[in-house]
Amino acid sequence: AGCAPEVPKQLASGFDMSKDSLAFANFATGFDDSTMDTELMQRMFGDVACQPGSSPCELTPGARAFVAKANKSMASGRCEGFAVISQLFEADKIHPVDFGGATARDLDIVDNEPLQREIAYWFSTQLVPAVSTKKTKAYMAKDIMPVLAEVLDPKATERVRIGMVRKKGKTISGGHALTPISYSVDPKVEGLYWLRVYDNNNPDAERQIKIDTKNNRWEFEAAENPEQKSRLYYGDDSNDNPLYLAPVFDRLGQLPCPFCDGSSENTVTSSGGARIS
């Protein structure tokens, strides 16, 4: 049998809550420009989203269905958009100055149409199977720490967002998406790690996911959005509920069209949260 990779006792990415997180909370309603539309569909997929010969662009039936699904999925919150955009700001892949601030933390969502639309755009990238579902990987607590050590290394060439759902039996509900920042081992409990995250429902402080590798259990208290009551998310041997790591940088640039040429790839989206495979 091979040896398990060594996991450093603590590790921090380059993510800085004081400048890379957004100062306002995840939202479900109140900012009407935070939706997908024809312009954002052209940005995401190019002219294949348009009816042939249409000028200005008229979306194809498949593209209209994608828009409707994306906007319906945002009805309970836009945590995926927050988790992705914050990492893109930190990695200098997109720039806060284009949305009115020197850092992400300086940005205001009120009357900021470009930022509202940008959050909707990055939320909706989770609905593109080629860059999300097909590359999302699931890890139980006993297996996730070596992977987190790799992606949180400041020299890592990719970023991930953490997705989680509530699971009881075969019933899945209440998805949420988070941005991993750092972790440390608990000096008093064997196999216990504390994973620090930017929780976009609570933008003013780091929060922590409890990861017990010895007992194969993770725990996090959260809601789909700040307007809802917080409840426990967890995964262990009783419900076989993993944490989902999805890449961020793969979503940059024009994306493969999931509704073109008769394609009918299925996706599953937890309400307002992170898509799971």
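- The distance from atom CG of N200 to atom CD1 of I85, rounded to the nearest 0.5 Å, is 11.5 Å.
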Exercise. Is there a side-chain contact (heavy atoms from CB on, under 4.5 Å) between V84 and F123 once you walk through the steps?
Worked result: CA-CA 8 Å; V84 172; F123 174 97; over 6 Å; no
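- For residues 22-61, the set of pairs meeting the disulfide (SG to SG under 2.5 Å) definition, not counting sequence neighbours, comprises C50-C57.
- Residues T213 and V7 have side chains not in contact (no heavy-atom distance under 4.5 Å, counting atoms from C-beta outward).
- Counted within 6.0 Å of CD on Q254, heavy atoms from surrounding residues, nucleotides or ligands total more than 12; the atom is thus considered enclosed.
- At least one donor-acceptor pair closer than 3.5 Å links the side chain of N216 to the backbone N or O of K142.
- Side chains of K210 and L192 form a contact here, defined as non-hydrogen atoms less than 4.5 Å apart.
- Grouping Ile, Leu, Val, Met, Phe, Trp and Tyr residues whose side-chain heavy atoms lie under 4.5 Å apart, directly or via other members, leaves M140 alone, with no other cluster members.
- In this pair, H176 and Y233 present their aromatic rings tilted. The plane angle is within the 30 to 60° band.
- Here Y121 pairs with nothing under the ring-ring contact (aromatic ring centres under 6.0 Å, His included) rule; sequence neighbours left out.
- Remark: E219 CD is packed, more than 12 non-hydrogen atoms of other residues, nucleotides or ligands lying under 6.0 Å away.
- Residues R161 and Y244 are in side-chain contact: their nearest non-hydrogen atoms beyond the backbone lie under 4.5 Å apart.
- In this structure, the side chain of S132 does not engage the main chain of V128 through any donor-acceptor pair within 3.5 Å.
- Among residue pairs with one or both ends in residues 49-66, none qualify as side-chain hydrogen bond (donor to acceptor under 3.5 Å, both in side chains); sequence neighbours excluded.
- Side-chain atoms of E158 come within 3.5 Å of backbone atoms of F249 as a donor-acceptor pair (strictly under, hydrogens ignored).
- At least one side-chain heavy atom of F15 sits under 4.5 Å from a side-chain heavy atom of S86.
- Listed by chain and number, the residues in a salt bridge (Lys or Arg N to Asp or Glu O under 4.0 Å) with D236 are R217 (sequence neighbours excluded).
- How far CG of D37 is from CG of N71: 8.5 Å, rounded to the nearest 0.5 Å.
- Counting only heavy atoms from C-beta outward, the side chains of I211 and L148 approach each other to under 4.5 Å.
- Contact annotation: the side chain of P180 never approaches that of R159 to less than 4.5 Å [non-hydrogen atoms, C-beta and beyond].
- For the side chain to side chain donor-acceptor pair (under 3.5 Å) test, no residue two or more places apart in sequence or in another chain qualifies with D32.
- For Y139, the ring-ring contact (aromatic ring centres under 6.0 Å, His included) criterion is met by no residue, not counting sequence neighbours.
- Under the 3.5 Å distance criterion, the side-chain polar atoms of Q87 are matched with a main-chain donor or acceptor of V160.
- In this structure the side chain of Q116 reaches within 4.5 angstrom of the side chain of I109, judged on heavy atoms.
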Problem set entry | side-chain contact (heavy atoms from CB on, under 4.5 Å) assessment of I144 paired with L195 | CA-CA 11 Å; I144 199 170; L195 176 64; over 6 Å; no
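- Here the straight-line distance linking atom CG of L255 with atom CG of L127 works out to 11.0 Å at 0.5 Å rounding.
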Exercise. Would L252 and L88 count as a side-chain contact (heavy atoms from CB on, under 4.5 Å) if you check the C-alpha gap in whole Å, the side-chain angles of each, and the deciding distance to 0.1 Å?
Worked result: CA-CA 9 Å; L252 293 164; L88 295 175; 4.0 Å; yes
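- Partners of R251 by side chain to side chain donor-acceptor pair (under 3.5 Å), not counting sequence neighbours, listed by chain and number: E80, T125.
- For D143, the side chain to side chain donor-acceptor pair (under 3.5 Å) criterion is met by no residue, not counting sequence neighbours.
- The stretch residues 94-103 participates, sequence neighbours left out, in these side-chain hydrogen bond (donor to acceptor under 3.5 Å, both in side chains) pairs: D92-H95, T103-D106.
- Side-chain contact between N239 and K168 is absent, with no heavy atoms from C-beta onward closer than 4.5 Å.
- Residues satisfying the ring-ring contact (aromatic ring centres under 6.0 Å, His included) test with F220, not counting sequence neighbours, are none.
- In terms of the side chain to side chain donor-acceptor pair (under 3.5 Å) criterion, residue partners of E39 (sequence neighbours excluded) are, by chain and number, R117.
- Under a 3.5 Å cut-off, the side chain of N241 and the backbone N or O of R166 do not form any donor-acceptor pair.
- Expressed to the nearest 0.5 Å, how far CH2 of W218 lies from CG of D212 amounts to 13.5 Å.
- How far CZ of R105 is from CZ of F24: 10.0 Å, rounded to the nearest 0.5 Å.
- Taken to the nearest 0.5 Å, the CG atom of L245 stands 9.5 Å off from the NZ atom of K137.
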Exercise. Run the side-chain contact (heavy atoms from CB on, under 4.5 Å) check on F27 and S34 step by step: do they pass?
Worked result: CA-CA 10 Å; F27 56 87; S34 191; 3.8 Å; yes
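- Under the 4.5 Å side-chain heavy-atom criterion for grouping Ile, Leu, Val, Met, Phe, Trp and Tyr, M145 is not connected to Y234 through any hydrophobic cluster.
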